[in-house]
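One structure is given below, encoded as structure tokens.
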Protein chains: 2
Amino acid sequence: MEDVGAERRRAAAKKRPRLEDVAARVGVSTASVSLVLRGVAGPSERTRQRVLKAAADLGYQVDRTASLLASRRTRMLGVMVDVHSPFHADLVEYLHSAAEEVGYDLVLSTQTRTRDERTAVETLLAFRSEALILLGPTAPVDTLAALDGKAPVIVVGRRIEEGQLDVVRTADDDGVGQIVDRLVALGHREITYVDGGKGVIATDRRRGYRTAMRRHGLDAHIKVLRGDNTEAAGERAARHLLDAGELPTAVVAFNDQSAIGVLAGLARAGVSVPGEVSVAGYDDDRLSRLSCFDLTTVSQGAEAQARYAVAAAVERLDEGRTEPREVVLAPHLVVRRTIAGPR
Amino acid sequence: MEDVGAERRRAAAKKRPRLEDVAARVGVSTASVSLVLRGVAGPSERTRQRVLKAAADLGYQVDRTASLLASRRTRMLGVMVDVHSPFHADLVEYLHSAAEEVGYDLVLSTQTRTRDERTAVETLLAFRSEALILLGPTAPVDTLAALDGKAPVIVVGRRIEEGQLDVVRTADDDGVGQIVDRLVALGHREITYVDGGKGVIATDRRRGYRTAMRRHGLDAHIKVLRGDNTEAAGERAARHLLDAGELPTAVVAFNDQSAIGVLAGLARAGVSVPGEVSVAGYDDDRLSRLSCFDLTTVSQGAEAQARYAVAAAVERLDEGRTEPREVVLAPHLVVRRTIAGPR
DNA sequence: ACCAGGAATTAAAGCGCTTTAAATTGTCCT
DNA sequence: AGGACAATTTAAAGCGCTTTAATTCCTGGT
């Protein structure tokens, strides 16, 4: 009993200082302190200085949960990312800067094996994000639209049918088309595509491949290998090609991770890239830029996407826009080492 | 004027439901609803069901900021990570599971170019993290110790002198020693080390290299190349070696990222690994496992570290431990493709 | 000396939830 | 029927901050 009491007292003694403590020390009201600390105009210079000093002396640090609760606004944007994606990592960084510029803060929630999309989004909402920026969400449109009722939803990187939600994305089919065009220009005809699974993004890119192949009259060479968004899938695809014994002259993968898997699979079998086979990815993520891969890929303009996404959120939040808007950016080819003319 | 009023009314109308709304709908008090929603024993089964139903109907979602504010506890652990480090990404994932198991939640804060360690930690504190788990912090001990006054600090992966703080780490010098031992056993004598900069971790690993070399009587071959924790540094080091024209038979790098840079630099110059030069890294991070690298490295046991870190936090928070404790795990060699006997 | 008007300051009412102590209800004996 | 006791339920007091409306304090002009 004694002990518990003592402990409690000790704990109370070293409790973090509150606004009230700072106010008491200076001899002003908590209102004034609050104003000074947030840099709101009003308090006199003298008060300002004294408050600042007292706050520093006490080691005062604002309690964000209380601020958020008290102010109707939170100025926080919730971002859902897939922690495994290097491309998302890039995006997050740009989102950070973009948000900072307009005075917003980011709260991240990441999906892992144990936390699915729904949980991730709920956390964001529970923390009072004012808008949700979802990077490549896989949930059905209805679900996303329902979410939009609770907070403006900005979907990044994925197509959504007909003006239901704010979307920022690149024209994925066009991007893949550009790769195919370039490969064809280099003289390739046997161009195989490694698929990215059943998401909307994957569908678009696959379509881009098919369309481009047809445009060049290469219908007969259209070949799509099952896959997903991981290195493992790329490697499997490569093994599959090798086992089949008839390597195409070029392989285009759903994304960079998959492409890197393809690269690995080929390397292991001693197939030279781009000597024997050309390989291209999609996203221009960190990994693709590593000099050991130096992968030819398509840039989605991560920075621009981040900027537009934040801008969209701000428009909804601060400028009263209510109609959904879609921003489609043009992807552009980033030619690096992994493609060349056919063998 | 009219418009603004109207808009405000509309906004108010679709405001998210509060505990009170759920309570009103069922005809009980907010207290009961709170209890039910948190799964606390007390409310009858009948009440329980009705509350759950009402909450679902209304689409109620708890406002975390309010909960946190109201409960003295937050059950949140603040984690500071470097978003660029694949090893940290691994750790975070394990931390997530470990925390979840003991009923804690994680709030992440990442340093980027624009956000330094201090800011990151302040955010964590502002969100009322009860303890801080710092992954490889670079701040001086004093700063960290000061922090410990505000919330228990658990330092992960870095040595801290003499019982000032909770620390979970692996014996880095030993780890590097193991690599050197293995290389020597394979017959290597000219083993060069690519340094990791001036942090404490780097110091330990460098020492491990030096000590091991001396132990094998290879003092004359000790050679440390300047570097840091990036791929770029590794690549620079490789170029340096190549320019000097006298390649060692083995290169040990500060971490996997740096080692991958070395690999890239050597590959570009057409030097075969492990044929002509053996290369080893440290951390056993994601990248090192990619089959295209298949890098020999040292595992720090990310999962175990995460587990111990969370355990340490819980002990401080819930079990009243106050003396700092250090957990030093034994690293273990992960032999993959990149080392072999000397040429 | 007095007052209008602006500048600085503050009292007080929440924000949406948790939690404690007290009130209410129900059950089972005697 | 009356009462003891346990099972439920709830009123009300915060949590630490923001914000609005009101108050106080200064000016300078008359």
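These numbers were taken from a predicted model, which means no experiment stands behind them. A, B, ... follow the sequence lines: proteins, then strands. Residue 1 opens every chain.
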Practice problem: State which residues pass side chain to side chain donor-acceptor pair (under 3.5 Å) with B:T143; sequence neighbours excluded, sorted by chain then number. | Solution: none
Self-check item: Helical bend (five base pairs per end, nearest 10°) for the helix from C:dA1-D:dT30 to C:dT30-D:dA1
Solution: 60°
Quiz item: Got a sec, which residues hit side chain to side chain donor-acceptor pair (under 3.5 Å) with B:T47, two or more places apart in sequence or on another chain?
Solution: B:S44
Quiz item: Which parts of nucleotides 12-18 of chain D does protein reach within less than 4.0 Å, heavy atoms only, written one letter per nucleotide 5' to 3' as B for base, S for sugar-phosphate only and - for none?
Solution: --BBBBB
Quiz item: What residues, two or more places apart in sequence or in another chain, satisfy salt bridge (Lys or Arg N to Asp or Glu O under 4.0 Å) together with A:D82?
Solution: none
Quiz item: Please, which pairs that meet salt bridge (Lys or Arg N to Asp or Glu O under 4.0 Å) have at least one residue in residues 150-161 of chain B, sequence neighbours excluded?
Solution: B:R159-B:D204
Quiz item: Near A:Q49 CD, under 6.0 Å, is it more than 12 heavy atoms from other residues, nucleotides or ligands?
Solution: yes
Practice problem: Sequence neighbours left out, what passes salt bridge (Lys or Arg N to Asp or Glu O under 4.0 Å) with B:R128? Give chain and number order. | Solution: A:D63
Quiz item: Within this structure, what is the CZ-to-C1' distance between B:R46 and D:dT9, rounded to whole angstrom?
Solution: 13 Å
Exercise. For B:S32, report the nucleic acid contact type (base, sugar-phosphate, nothing); a contact means any heavy atom under 4.0 Å.
Key: base
Self-check item: Partner set under side chain to side chain donor-acceptor pair (under 3.5 Å) for B:S129, not counting sequence neighbours
Solution: none
Quiz item: Listed by chain and number, what are the side chain to side chain contact (heavy atoms under 4.5 Å, CB included) partners of A:V327, not counting sequence neighbours?
Solution: A:V168, A:Y308, A:R325, A:L329
Practice problem: Please collect all salt bridge (Lys or Arg N to Asp or Glu O under 4.0 Å) contacts where either partner lies in residues 25-44 of chain B, sequence neighbours excluded, each pair once. | Solution: B:R25-B:D57
Report each atom pair, protein N/O against N/O of nucleotides 5-7 of chain C, whose distance is under 3.5 angstrom.
none

Exercise. Hey, could you give me each pair passing salt bridge (Lys or Arg N to Asp or Glu O under 4.0 Å) that has a residue in residues 129-142 of chain A? Not counting sequence neighbours.
Key: A:R73-A:E130
